[in-house]
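Notes follow the structure.
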Amino acid sequence: MHVYINDMAVFLPNPPVSNDAIESVLGKINGFPSRARRLVLKNNGITTRYYAICPETGRPTHTNAQLAAEAVQRLRPSAGFTPKDIECLCCGTTSPDLLLPGHALMVQGELGLPPCEIMTAAGICMSGMLAFKYAYMNVAMGFSRNAVAVGSELSSSFMRSTFFSRIPQKEAAENPRPELAFDTDFLRWMLSDGAGAAFLSPDPVRDKPCLRIDWIDYIAYAGEFSTCMYAGGVKNPDGTITGWRLADQIGASERKHLMAVKQDIRHLDKNIVGTMQRALTTTIGKRGLAAGDFDWFLPHYSSAFFREKFHRAMADAGFDIPMEKWFTNLSEKGNTGAAAIYIILAELMAAGRLKTGERLLCFIPESGRFSHCFMQLTVM
């Protein structure tokens with residue numbers, strides 16, 4: 001039943017983009033600079049990120065499926081390995097290139113793989129972990145001799161100025177819900193592109209460190225909370241969502257932002273930390289965990305704004321992992337959603353800092369309707 005991460009690979013498109021260059025790459029909406037930009041960047045702690053956009057032309061350089069395929073092609077779990085050796089391919093993303101067919105099918109097509117099992121996971125940040133858990137279970141049950149899990153994001157496709165237009169000033173002043181414009185603009189400074197892949201098999205490699213997957217716990221609270229992060233619809237004052245199928249029933253000003261990714265920031269601030277603490281407490285009880293059991297804590301949080309808040313919530317739950325054990329690369333790699341935990345793990349594995357027997361605790365939250373995932377790994 002043991003499953004090991006025997007290799008990880010990352011693909012980040014094009015040169016890194018600094019804070020000052022974001023609007024020159026994404027474009028200014030209606031030709032005007034964003035008023036939210038400075039405040040959001042100050043809080044999120046991100047200094048560079050990557051976009052699958054040509055900075056000279058503003059045109060996309062990759063599809064989401066191509067980003068995922070690039071990461072898979074960089075895997076080297078053993079000598080002579082090629083993607084054609086993959087028996088099970090599991091892919092998760094927030095923003096597939098098409099509504100259908102499934103994202104994993106498009107990635108398989110990009111790679112030109114022979115017939116194999118595939119799985120597409122939908123969602124936001126959690127989609128990458130759902131793909132990972134399916135790959136893990138598939139190998140653990142002996143259904144496949146290996147599996148590759150992929151998390152990828154093409155968030156810039158939602159962020160380009162040509163994708164949506166800001167509500168004109170006069171219309172905004174008369175709009176009974178002007179916060180929708182900010183909720184849309186807010187995420188332009190939060191999200192970026194990238195892909196990560198993990199090769200899983202039942203036997204550990206012998207010539208380099210690998211990670212044994214001990215367990216993965218995923219808890220969702222959608223039965224208790226309304227939608228927080230979404231696209232393809234409009235959130236109504238009562239918390240319900242009117243989706244794209246009923247676009248003709250949505251007001252003209254809100255319809256302009258229908259397909260843009262939006263974040264209900266007030267809802268996020270109120271509930272993301274509390275639900276994380278609940279999920280952690282559940283996992284502590286289920287697994288018999290103690291903070292001292294772990295040598296590394298790998299959190300994927302969307303913004304440095306939440307770093308201390310999560311730390312305080314963990315301490316209040318009697319699970320204080322000191323900050324010196326935390327490892328993240330949000331500042332340099334940006335918030336890559338479903339790909340983030342892959343990119344964090346891959347960097348730590350490549351850094352040569354892991355020692356045999358060390359335990360890692362990974363934490364992945366999602367604000368769609370508040371879900372949280374914890375995963376324990378052991379260095380072999």
Side-chain angles (χ1 to χ4, degrees), residues 1-11 13 52 62-78 80-155 157 193-203 211 213 216 218 220 232 336-343 345-346 364 366 368 371 373 375:
M1 297 290 287
H2 286 162
V3 180
Y4 302 86
I5 304 173
N6 284 326
D7 196 30
M8 297 199 71
V10 168
F11 179 70
H62 300 79
T63 66
N64 194 329
Q66 288 169 343
L67 293 177
E70 289 280 2
V72 173
Q73 289 170 336
R74 285 163 169 74
L75 288 170
R76 297 291 185 273
S78 59
F81 171 82
T82 74
K84 295 185 185 301
D85 298 321
I86 297 171
E87 295 193 6
C88 178
L89 177 67
C90 308
C91 302
T93 187
T94 305
S95 53
D97 298 312
L98 302 167
L99 290 176
L100 51 96
H103 175 59
L105 288 167
M106 303 306 292
V107 177
Q108 182 187 18
E110 283 291 334
L111 291 166
L113 300 186
C116 65
E117 181 176 357
I118 66 99
M119 179 268 194
T120 297
I124 309 178
C125 299
M126 209 57 66
S127 63
M129 280 310 301
L130 293 174
F132 190 98
K133 188 166 185 177
Y134 185 97
Y136 161 64
M137 293 188 296
N138 204 291
V139 174
M141 295 299 294
F143 298 146
S144 299
R145 289 175 296 177
N146 67 60
V148 168
V150 189
S152 63
E153 295 292 9
L154 188 60
S155 299
S157 59
D193 303 340
F199 181 87
L200 278 56
S201 69
D203 300 305
L211 299 172
I213 305 167
I216 304 170
Y218 166 52
T336 50
I341 194 62
Y342 292 80
I343 294 171
L345 262 173
I364 306 92
E366 178 184 296
S371 306
C373 182
M375 173 171 65

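For the numbers below, each heavy atom of this structure counts, side chains included, while hydrogens, waters and symmetry mates do not. As the structure is a computational prediction, the values presented were derived from the model and not from experiment.
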Open item on the list: Can you confirm whether the side chains of Tyr218 and Glu366 place a donor and an acceptor under 3.5 Å from each other?
Closed with: no
TODO: For His103 and Ser152, test the side chains for any donor-to-acceptor distance below 3.5 angstrom and give the result as yes or no.
DONE: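 Present: a donor and an acceptor within the cut-off.
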How many angstroms lie between [atom1] in [X] and [atom2] in [Y], if you round to the nearest 0.5 Å?
| X | Y | atom1 | atom2 | value |
| --- | --- | --- | --- | --- |
| Glu117 | Ile86 | CD | CD1 | 13.0 Å |
| Cys373 | Met126 | SG | CE | 5.5 Å |
| Leu105 | Ile118 | CG | CD1 | 3.5 Å |
| Ile364 | Leu130 | CD1 | CG | 10.0 Å |
| Met129 | Ile216 | CE | CD1 | 4.5 Å |
| Glu110 | Thr63 | CD | OG1 | 5.0 Å |

Side chain proximity check, [X] to [Y], heavy atoms < 4.5 angstrom:
| X | Y | result |
| --- | --- | --- |
| Leu345 | Leu211 | yes |
| Val72 | Leu111 | yes |
| Ile213 | Phe132 | yes |
| Pro13 | Leu67 | yes |
| Leu200 | Val148 | no |

Short side-chain to backbone donor-acceptor contact, [X] and [Y], under 3.5 Å:
| X | Y | result |
| --- | --- | --- |
| Asn64 | Asp97 | no |
| Asp193 | Ala52 | yes |
| Asn6 | Phe199 | no |
| Arg145 | Gly142 | no |
| Tyr134 | Ala121 | no |
| Asn146 | Glu87 | yes |
| Asn138 | Ser144 | yes |

Over all atoms of both residues, closest heavy-atom pair of [X] and [Y]:
| X | Y | answer |
| --- | --- | --- |
| Ala135 | Ala149 | CB-CB, 4.0 Å |
| Ala197 | Val150 | CB-CG2, 4.2 Å |
| Ala346 | Val10 | CB-CG2, 3.5 Å |
| Met119 | Ala131 | SD-CA, 4.2 Å |
| Ala339 | Ala195 | CB-CA, 3.9 Å |
| Ser127 | Ala338 | OG-CB, 3.3 Å |

TODO: Take Thr93 and Glu153 through the side-chain contact (heavy atoms from CB on, under 4.5 Å) test and state the conclusion after the steps.
DONE: CA-CA 6 Å; Thr93 187; Glu153 295 292 9; 3.3 Å; yes
Task: Criterion side-chain contact (heavy atoms from CB on, under 4.5 Å) on Tyr342 and Thr336, from CA distance to verdict - done: CA-CA 10 Å; Tyr342 292 80; Thr336 50; over 6 Å; no
